[in-house]
Protein chains: 2
Amino acid sequence: MGWVRSAALAALLLASTAVARAESPPLTLDQILAAAPKDAWRDLAPDRLMVMQLPSGRVVIELAPRFAPNHVRNVQRLIQARFYDGLSIVRVQDDYVTQWGDADSKHPTGEGRLRLPAEFDRPLLQSDPFTPLGDADAYAPATGFTDGMPTARDPRAGRVWLTHCYGMVGAGRDMSPDSGGGPELYVVIGHAPRQLDRNVTLVGRVVEGMDKLSALPRGDGPMGFYTSDAQKIRIQSVRLASELPTTEQPRLQALRTETATFARLVESRRNRRDPWYVRPAGHIDVCNAPLPVRAAP
Amino acid sequence: MGWVRSAALAALLLASTAVARAESPPLTLDQILAAAPKDAWRDLAPDRLMVMQLPSGRVVIELAPRFAPNHVRNVQRLIQARFYDGLSIVRVQDDYVTQWGDADSKHPTGEGRLRLPAEFDRPLLQSDPFTPLGDADAYAPATGFTDGMPTARDPRAGRVWLTHCYGMVGAGRDMSPDSGGGPELYVVIGHAPRQLDRNVTLVGRVVEGMDKLSALPRGDGPMGFYTSDAQKIRIQSVRLASELPTTEQPRLQALRTETATFARLVESRRNRRDPWYVRPAGHIDVCNAPLPVRAAP
């Protein structure tokens, strides 16, 4: 679907697309997804889903244990200890991050810890699933996707890491690399701050409710911190999906990146052949590749 | 300034930075700017500043006549005809754009036009001021800055264009490349959609009040269009700064990109030497380079 001026025109375009169908125009993103076989989708595992209730609704984050096993385990324990319940979103910096939690919390951590050794990157394993993007990246020798997350790798150095794309969630830290762990988390809400890659531990990706974090009022203090308690947004609860009653669990599916559907999707974004585009880019950035998530049918 | 956990810690860090000064640590962005000579700043010309009043406050956009002379002239005429007054923000799509205006408006256009030939890119002129970034870009042979705006160029083809970075403003269009002109405008509020480069005419950049456009509720319709009139945000007025009483004109200055200060600033972001960073990126994306604007002293 092109760049159109109004919702009315969008409907018009859909109609004209249907008419032009005989000349087999390029499929839209929705059409490519609709044609995907059932097994192109994977169910998101409930014990890896962090469900955060805000006054505005639900945010769901898929955790990435393959990249940050200790941080993910710690976040799971902090959730189980109800550490985050009643804490707040304390920082929203435009074109950068939204941040929540509390480093100095007096909340019970249960089995959870306040600090952990860094998991900024890790050794590249031959057994790692990896869907290479193939397009050049100016920050890393190679990029692609693992477990539904955008990743970068340096095959020569034998290292791999998650990349700071829009919607990626990380563990805030202080000056020491080992001072993060999960008590404070942030999500990228602007142009990818790739300079943070390998400098802070990423733990997952928002798969539902991103607008609940990106459309918040920006903080008026330095670095976007809210300056008064009244501005902070209270976190009502954070649960693992597996802790919720079955009927309340998010039932989500993510498109597998190793599928032909995903390859088709990426190519449709790399070279936009929709009639609106006059010049396909011939390139796609790892942070512009779509990583579709849907409600399980 | 590093990535810190709390506002309290930010203050602490500032203090410790001062203490460590004897070992000449890297200057912060604010320190680099504070040391800039007076002539490193240029005054933004009032006749190129579009001042949009929203219920939430003021948005200021600097227009880019060098890249889109006809579109900029047309937008200026539409402003003078009060075309935008009373129109609305109609679309906010997460990680993409906020869009306002009305293609089918019955508002008087005065000398302004509803459609114009495309100005997607233009011939590269030897006389163009240009501050090359120097860093590789995966979408274009070269990137840099002209008139305070992020640009890309293809020296072999002899073409130059503005790039779709966060905060850049463009003229929405329909299917025909010549169907834009300014009645509908959009601003990038997410990861740079560089696939739009050379496919739509960019007309300027937000230099104040970006959060008034980026922190809006996302639209619930297809492509982020608001589905009810109640959701739309009314544009109270749009004026050229030069039309406003002197006391109401924004008095803004932008850092000149051809200065040593700007080079220092970019390098401080390309290779973060702040003590928080353990691994400088060694690279900066054209859309991550800071383009500082300040209130005139």
Side-chain angles (χ1 to χ4, degrees), chain A residues 1-7 9-10 13 90 92 94-95 102-104 120 135-139 165-167 172-175 177 179 184 190-200 210-211 214-218 221-223 225 227 269 272 275-281 283-285 287-288, chain B residues 1-7 9-10 13 90 92 94-95 102-104 120 135-139 165-167 172-175 177 179 184 190-200 210-211 214-218 221-223 225 227 269 272 275-281 283-285 287-288:
Chain A
M1 212 178 304
W3 179 279
V4 296
R5 278 201 173 159
S6 67
L9 192 74
L13 274 179
V90 294
V92 186
D94 197 56
D95 193 19
D102 191 344
D104 310 315
F120 298 164
D135 297 58
D137 182 83
Y139 284 93
C165 295
Y166 195 93
R173 67 167 173 91
D174 299 334
M175 291 300 278
S179 60
E184 280 217 305
H191 189 71
R194 297 281 304 278
Q195 74 277 4
L196 293 175
D197 289 358
R198 309 178 85 182
N199 278 294
V200 59
M210 181 61 196
D211 62 320
S214 62
L216 294 171
R218 278 41 182 163
M223 302 188 301
F225 278 96
T227 53
R269 304 288 103 177
R272 296 289 296 246
W276 186 88
Y277 281 81
V278 298
R279 187 188 295 272
H283 175 78
I284 188 166
D285 185 280
C287 292
N288 270 328
Chain B
M1 211 178 305
W3 179 280
V4 295
R5 277 201 173 157
S6 67
L9 192 74
L13 274 180
V90 294
V92 185
D94 196 55
D95 193 19
D102 191 344
D104 310 315
F120 298 165
D135 297 58
D137 182 83
Y139 284 92
C165 296
Y166 196 94
R173 67 167 174 90
D174 298 335
M175 292 299 278
S179 60
E184 280 216 305
H191 189 70
R194 296 282 303 278
Q195 74 277 5
L196 294 175
D197 290 357
R198 308 178 86 182
N199 278 293
V200 59
M210 181 62 196
D211 63 320
S214 61
L216 295 171
R218 278 41 180 161
M223 303 188 301
F225 278 95
T227 53
R269 303 289 103 176
R272 297 287 297 245
W276 187 88
Y277 280 81
V278 298
R279 187 188 297 270
H283 176 78
I284 188 166
D285 185 281
C287 293
N288 270 328

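Chain letters run A, B, ... following the sequence lines, proteins first and then strands; every chain starts at 1.
Note that the CD1 atom of B/Ile284 and the CD atom of A/Gln195 stand 7.5 Å from one another [nearest 0.5 Å].
Side chains of A/Pro275 and B/Met175 form a contact here, defined as non-hydrogen atoms less than 4.5 Å apart. Within the 4.5 Å cutoff, no side-chain heavy atoms of A/Asp174 are placed close to those of B/Trp276.
The most heavy-atom pairs under 4.5 Å with chain A, out of B/Cys287, B/Ala136, B/Gly221, come from B/Cys287. Counting heavy-atom pairs closer than 4.5 Å to chain B, the top-ranked of the candidates A/Thr227, A/Val278, A/Asp95 is A/Asp95. Here A/Ala192 is the residue among A/Ala192, A/Gly190, A/Gly167 with the most heavy-atom pairs under 4.5 Å with chain B.
Of the atoms belonging to B/Ala281, it is side-chain heavy atoms, and not backbone ones, that fall under 4.5 Å from chain A. For chain A, the nearby parts of B/Asp285 are the backbone and the side chain; heavy atoms of each come within less than 4.5 Å.
Of the possible polar contacts, none joining the B/Asn288 side chain to the A/Pro193 backbone as a donor-acceptor pair under 3.5 Å is found. Between the side chain of A/Asn199 and the backbone N or O of B/Tyr277, no donor-acceptor pair lies under 3.5 Å. Within the 3.5 Å criterion, the main-chain N or O of B/Tyr139 finds no donor-acceptor partner in the side chain of A/His283.
For the side-chain hydrogen bond (donor to acceptor under 3.5 Å, both in side chains) test, residues two or more places apart in sequence or in another chain that qualify with A/Asp94 are A/Arg218, B/Tyr166, B/Ser214. Under the side-chain hydrogen bond (donor to acceptor under 3.5 Å, both in side chains) criterion, B/Arg198 pairs with B/Asp121, not counting sequence neighbours.
A pairwise comparison of heavy atoms in B/Ala215 and A/Pro217 identifies CB-CA, 4.4 Å as the closest pair.
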